[in-house]
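Here is the structure we will look at, set down as structure tokens.
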Amino acid sequence: MKPPSTASAASMDKSFDPKTVEPRWRSHWEKHDIFRAEPGSSRPPFCMVIPPPNITGRLHVGHGLNNALQDVLARWRRMSGDDVLWVPGSDHASIATHVMIERQLEKEGITRQQLGREKFLERAWAWKQKYGGEIADQLRQLGASCDWSRERFTMDPGLSRAVREVFVRLYEKGLIYRDRYLINWCPRCGTAVSDLEVVHKEMLGKIWTVRYQLEGGGEIRVATTRPETILGDAAVAVHPDDARYRDLVGRRAILPVLGRMIPVVADSFVDPAFGTGAVKVTPAHDPNDFLAGRRLGLEPIVVMDETGRMNAAAGPFAGLDRFECRTRLLEQLRNDGALIEEKDHMLSVGRCQRCDTIVEPMISLQWFVRMEPLAAPALEAVESGRIAVVPDQWKKTYYEWMRNIRDWCISRQLWWGHRIPAWYCAQCGAMIVSREDPVSCACGGRRLEQDPDVLDTWFSSGLWAFSTLGWPESTPELRRYYPTTVLVTGYDIIFFWVARMVMMGLEFMEDVPFHTVFFNGMVRDAKGEKMSKMKGNTVDLFDLLDTYGTDAVRFTCAALTSPGSDVAMSPGRLEGSRAFANKIWNAVRFARPHLDAAPAAPPAVEDGLGPADRWILSRCSRVAGEVNEALEAFRFDEASAKIYQFAWHELCDWYLELSKQPLSSANAQEADASRAVLRHVMERVIRMLHPFMPFITEELWQALPRVAGDPVSIALCAYPLSEPAFEDPEAESALATLIDAVTMCRNLRAEKKVAIKEPVRTWIQPANEAVARSLAGLEVQFKRLTRTSELQIGVIPAEVASVSGVSASAALQMAIQHEGRTTDVGAERARLQKEIEAASKELSVHEVKLGNEAFVSRARPEAVEKVRSAHGELSERIKLLKSALSRLGA
RNA sequence: GGGGCGUUAACUCAGCGGGAGAGUGCUACCUUCACACGGUAGAAGUCGUAGGUUCAAAUCCUACACGCCCCACCA
């Protein structure tokens, strides 16, 4: 099959236009199915599972970053010969989707309850149909090289089966249980949420001191920030050792307003120093009090319903909203003279992560996962290094959470999600937990009702690493790709997802879900502030792609990803990347006619290549090595910077200019040699860049001369490695010399404002015979570089040149600059560097000795002095060397 | 209350024991036959503050200041 037509050499636009190029290759990749993994392949497997985006909306810049990085790895490994499986998919996002759909319903003026479960689920599936597909399209737009044939959704039949299997196994093992417990309740969503889904925010509130009369006279004062919970008080507690209250323990207090009698009890959880030292105990509406209530045998009194309204137990306040109740209750307390003090107080208020409603601690019957037994192996897996964490600062966060783990409330009073596989018999009340829907109870009863609740959305995503590969079936994919190689994700979901995936993987696959987890940073705006809709500083990913082009955005993501730091999407960086894409485009535009004429065979060292050719081949080899090294270490910033620097400032700024002359040489052999080198280097750079900028590189690669047997896409070409045969220190040294000479001419011209009209000749004293040979007879046009017609380099000992066509003072200046030093800066620099290294080594030896001598020194101080003076001398020498180096380096 | 991260040029960020760097912006000059999304030259930084270790500190240690983030049941 023929590739789509690329712009011909003649018609290549002056600037790169992403909009025409990107769609072409997107469909080309799809058509040729080049991202499909091959479980039967003999190549080493490399697998990643995508952090499944929620189906709640379009991708944001954070997704852009995360997927750009994954794609860099996927394409790099694929080109490096691995059998890459990158599993795409999306998450049903139970509660988040609920919030979105309920917002729709609100506009229509109905509640989800009015709509009913069946109709609501129809809506949810329709939503999924629409947005699930959009997300896949958006990932494609980014160029994500996922295996689309293996796309998954957390509510697919297979994955749902995995969820049931896990639930039942955990239940049978006693790790899932059902209990009445104090949980976080979101009154708006009408569901329990886990501790992680509660976001605590500091805000200025008030603290009130309230007087409770004691039965038979006297009073006790308590402080509270939530006076409405007074209605549910079961006791007043004081510290057992608190002398002020010791005598009151065992007496009864009269609850204000309601007049109910509650005991005064002693418990050490009370801090005598806080507030009045006496605390109201509301077991049904406060986590601390709940535990205290259990210890003290107090009966919880529930005063609110699941919508946040006061219930019958609230007496005269029944039916009021909780905050309205607070206001009214305070009024009454004030009227009754029971309100003693009101003052400002900073408090931390828990809000629903999804809808920002203030959550209410409530007692309720829920399902939980017992976490300690699962956490222990998960902790060990990271401690032992079986899972590598990059950057490793996140280990500490992970350990901290694992070591203080608490049971996980997994049931949600929602409809969209995996329904809990538990049934209750209407006849005998028995509970059946089962993989298959049961038809009858052991008692013979046939009226079975399934638990109405669904599971926390993170329950199914916790299985993602193996459920997407076919578990519980033993599929070829599961056997080959589990454990996956790398997980790339944001650190914001380290507990929600990463930690739980480790636990689930170890429990059900008896192995880690991934060998390495790489945490990318969070995307900030250009000022480094967190993006939020409230602040209005959000940047739309697709606006960015539209403005700068997908390649430029992806390149910027990589360039800004250094381990452990967040990413600020700065316009400057984006512009730089866009300019870079254009630069590469034009480099190929220049090179193409020469490449078409180039010999098919790659260059060879025996071809008698010139110094510039040998130099660029050598540099290209080194850069390839460095880029691979950087990628191995997840240094996306270093890898992209190396390519950028090399491509722009070595290849374009110098090599392309230097090659213009030989490329158009009448000497066919010389021209061919240069063409072969240009072709080789150009293609290698484009390949190196491909994982970062897939679209432009595909376009350019397709435009290069093709040979039989080439793959259909650059994505299937080999990723460049270093080529030791081309590494050539002498050529590098020679070119450093040349570059120095040219730069010097330019400096002179700029500083002295001289117009150099005729050829300038400069003489260089080479460092050694080899460099001399490299440079001998090198005559290059530097029209572009010096604004002179040409610069001749002659190999002549240190005598001063006569310079024609420049002013006398400029000539003199030039002569001075040449005199008295070797202009082979490269060699000189290397020599000095070596001396410094040697001196430093010597120093470190002395340091060791100094340690020993210091011990002896108590008896012989002069020995220490000797060492110290040696240090001083060496330090001086290093300073001298460094200053010499800086003079040369500049 | 505990923990983490950051503070380097005007902006966004690398560097983490021996020459203070990149991209963008800025200044001057230049439409030269790949590219003005370009070329050349250049200005620009007490590397948060104060101590300490070292022959040598932006880089290691200790405090402090400011900023950001996470975790935590203090009424």
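Order of the sequence lines sets the chain letters (A, B, ...), proteins ahead of strands, with each chain counted from 1.
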Taking the side chain as everything from C-beta on, heavy atoms only, tell me whether W401(A) gets closer than 4.5 Å to L196(A).
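Contact flag for W401(A)/L196(A) side chains = yes.
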To the nearest angstrom, how far is [X] atom [atom1] from [N] atom [atom2]?
X: M682(A); N: rC35(B); atom1: CE; atom2: C1'; result: 12 Å
X: L678(A); N: rA34(B); atom1: CG; atom2: C1'; result: 11 Å
X: W401(A); N: rC71(B); atom1: CH2; atom2: C1'; result: 12 Å

Proximal nucleotide (of [options]) relative to the [X] side chain:
X: A579(A); options: rU12(B), rG38(B), rA34(B); value: rG38(B)
X: R589(A); options: rA34(B), rC37(B), rC13(B); value: rA34(B)
X: S15(A); options: rC35(B), rC37(B), rA34(B); value: rC37(B)
X: E575(A); options: rG25(B), rG39(B), rC37(B); value: rG25(B)
X: Y644(A); options: rC35(B), rU40(B), rG23(B); value: rG23(B)
X: K396(A); options: rU24(B), rG3(B), rA34(B); value: rG3(B)
X: Q393(A); options: rG4(B), rG39(B), rC13(B); value: rG4(B)

Determine the Euclidean distance between corresponding [atom1] atoms of [M] and [N]; express it in Å to zero decimal places.
N: rC73(B); M: rC11(B); atom1: P; value: 40 Å
N: rU53(B); M: rA63(B); atom1: C1'; value: 15 Å
N: rC16(B); M: rA20(B); atom1: C1'; value: 13 Å
N: rA75(B); M: rG4(B); atom1: C1'; value: 29 Å

Would you say a side-chain N or O of H649(A) is under 4.0 Å from OP1 or OP2 of rG23(B)?
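Yes, because at least one side-chain N or O of H649(A) sits under 4.0 Å from OP1 or OP2 of rG23(B).
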Report yes if at least one side-chain N or O of R592(A) is closer than 4.0 Å to OP1 or OP2 of rC35(B); otherwise report no.
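Checking R592(A) against rC35(B): no side-chain N or O falls below 4.0 Å of OP1 or OP2.
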Determine whether any donor atom in the side chain of [X] lies under 3.5 Å from an acceptor atom in the base of [N], or the reverse, and answer yes or no.
X: R573(A); N: rU24(B); result: no
X: E657(A); N: rA34(B); result: yes
X: K583(A); N: rC35(B); result: yes

Stem list for RNA chain B, please, built from Watson-Crick and G-U wobble pairs under 3.5 Å and keeping only runs of at least 3.
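So the stems come out as B:1-7 with B:65-71, B:10-13 with B:21-24, B:26-30 with B:38-42, B:48-52 with B:60-64.
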Centroid separation under 6.0 Å, is that true for the rings of F290(A) and Y181(A)?
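Yes, the ring centres sit under 6.0 Å apart.
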Give me the distances for all protein-to-nucleotides 73-75 of chain B N/O pairs that come in under 3.5 Å?
{"residue": "rC73(B)", "atom": "OP1", "partner": "R406(A)", "partner atom": "NH1", "Å": "3.2"}
{"residue": "rC73(B)", "atom": "O2'", "partner": "N288(A)", "partner atom": "ND2", "Å": "3.4"}
{"residue": "rC73(B)", "atom": "O2", "partner": "N288(A)", "partner atom": "OD1", "Å": "2.7"}
{"residue": "rC73(B)", "atom": "O2", "partner": "N288(A)", "partner atom": "ND2", "Å": "2.5"}
{"residue": "rC74(B)", "atom": "N3", "partner": "D271(A)", "partner atom": "OD2", "Å": "3.2"}
{"residue": "rA75(B)", "atom": "O2'", "partner": "A223(A)", "partner atom": "O", "Å": "2.6"}
{"residue": "rA75(B)", "atom": "N6", "partner": "D271(A)", "partner atom": "O", "Å": "2.4"}
{"residue": "rA75(B)", "atom": "N6", "partner": "F274(A)", "partner atom": "O", "Å": "2.9"}
{"residue": "rA75(B)", "atom": "N1", "partner": "D271(A)", "partner atom": "N", "Å": "3.2"}

Between R500(A) and W408(A), is NZ or CZ placed under 6.0 angstrom from the six-membered ring centre and within 45° of the ring axis?
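Yes, R500(A) lies over the aromatic ring of W408(A).
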Test: K660(A) cationic atom under 6.0 Å from F590(A) six-membered ring centre, within 45° of axis
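Geometry flag: set, cation within 6.0 Å and 45°.
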Which residue in the set W394(A), Y398(A), W497(A) passes ring-ring contact (aromatic ring centres under 6.0 Å, His included) when paired with Y491(A)?
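With Y491(A) as partner, ring-ring contact (aromatic ring centres under 6.0 Å, His included) holds for just one option, W394(A).
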Of G564(A) and F590(A), whose closest RNA chain B nucleotide lies nearer the 5' terminus?
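Per heavy-atom nearest nucleotide, the more 5' residue is G564(A).
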Does the pair D546(A)/K19(A) count as a salt bridge with the N-to-O cut at 4.0 Å?
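Salt bridge between D546(A) and K19(A), a charged N being under 4.0 Å from a carboxylate O: yes.
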Evaluation steps, side chain to side chain contact (heavy atoms under 4.5 Å, CB included), between V264(A) and Y245(A):
CA-CA 9 Å; V264(A) 176; Y245(A) 297 116; over 6 Å; no
Can you label the angle between the F555(A) ring and the F580(A) ring as parallel, tilted or perpendicular, going by 30° and 60°?
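Aromatic pair F555(A)/F580(A) classed tilted.
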